[in-house]
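Right, one structure below, let's go through it.
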Amino acid sequence: MDWNTEDTSQNSIQTSALMRIADATEAMAQNFIKLQKDVEFWKQQYYKEKKYCEEWRLSSIAYKAHFTRLKNKLEALENDGRSNGI
């Protein structure tokens, strides 16, 4: 808009101001949409990693239990060997 012309009216100034407000509002909306997408992405990452950690924890518990059973079996075999004179 050329502010130095004679035909600048109150209506054209108001229209220009409203257009600038609309553009700014649209830009803010785009930023908000991007922020919402980012939140959703990080929320999915959080739950994915939380699930992975829980699976690893349960797997670790299972390996420890298996190790304990094998250790107890070995001790039982060693004790049987001693009692049989081997």
Side-chain angles (χ1 to χ4, degrees):
M1 170 174 254
D2 186 10
W3 295 99
N4 295 325
T5 61
E6 294 291 326
D7 63 348
T8 304
S9 67
Q10 182 73 18
N11 191 26
S12 65
I13 293 172
Q14 287 176 342
T15 303
S16 296
L18 288 175
M19 288 175 59
R20 292 188 68 198
I21 291 170
D23 289 342
T25 304
E26 186 177 330
M28 287 188 300
Q30 291 298 323
N31 288 337
F32 185 73
I33 290 169
K34 183 185 180 313
L35 182 64
Q36 285 178 323
K37 287 180 183 178
D38 288 348
V39 166
E40 186 60 32
F41 171 78
W42 289 113
K43 196 182 289 187
Q44 287 175 358
Q45 289 298 111
Y46 167 76
Y47 287 118
K48 180 180 168 185
E49 291 300 318
K50 184 178 176 182
K51 181 182 173 191
Y52 172 78
C53 288
E54 182 63 15
E55 289 172 355
W56 190 88
R57 186 183 72 82
L58 293 175
S59 177
S60 176
I61 290 169
Y63 282 125
K64 286 178 185 178
H66 186 64
F67 176 76
T68 302
R69 283 192 301 274
L70 289 176
K71 186 173 77 171
N72 291 340
K73 261 188 185 178
L74 179 63
E75 289 174 358
L77 289 172
E78 288 175 346
N79 290 336
D80 284 346
R82 285 190 211 132
S83 65
N84 289 336
I86 299 178

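What you are looking at is a predicted structure, and each value in this text was computed from that prediction instead of being measured.
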- Taking side-chain hydrogen bond (donor to acceptor under 3.5 Å, both in side chains) as the test, write out the residues that go with Asn79, two or more places apart.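 With sequence neighbours excluded, Asn79 shows a side-chain hydrogen bond (donor to acceptor under 3.5 Å, both in side chains) to Arg82, given in chain and number order.
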
- Check side-chain hydrogen bond (donor to acceptor under 3.5 Å, both in side chains) between Arg57 and all other residues, then give those that pass, not counting sequence neighbours.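 With neighbours one apart ignored, the set is Glu54.
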
So how far is it from [X] [atom1] to [Y] [atom2], rounded to the nearest 0.5 Å?
| X | Y | atom1 | atom2 | result |
| --- | --- | --- | --- | --- |
| Tyr52 | Glu49 | OH | CD | 8.0 Å |
| Tyr63 | His66 | OH | NE2 | 9.0 Å |
| Gln14 | Ile21 | CD | CD1 | 10.5 Å |

- From Ile13, Asn11, Leu18, residue fulfilling side chain to side chain contact (heavy atoms under 4.5 Å, CB included) relative to Thr15: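 Result: among Ile13, Asn11, Leu18, Asn11 is the only option passing the side chain to side chain contact (heavy atoms under 4.5 Å, CB included) with Thr15.
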
- Item | side chain to side chain contact (heavy atoms under 4.5 Å, CB included) between Asn72 and Glu75, worked out | CA-CA 5 Å; Asn72 291 340; Glu75 289 174 358; 3.9 Å; yes

- For residues 29-38, which residue pairs qualify under side chain to side chain donor-acceptor pair (under 3.5 Å), counting only residues two or more places apart or in two chains?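 Listed by first then second residue: Lys34-Asp38.
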
- Item | Heavy-atom side-chain proximity of Gln45 to Trp42 below 4.5 angstrom |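 Yes, close enough: below the 4.5 Å cut-off.
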
- Query: Would you find a donor on one side and an acceptor on the other, under 3.5 Å apart, between the side chain of Thr68 and the backbone of Lys64?
  - Reply: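 Present.
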
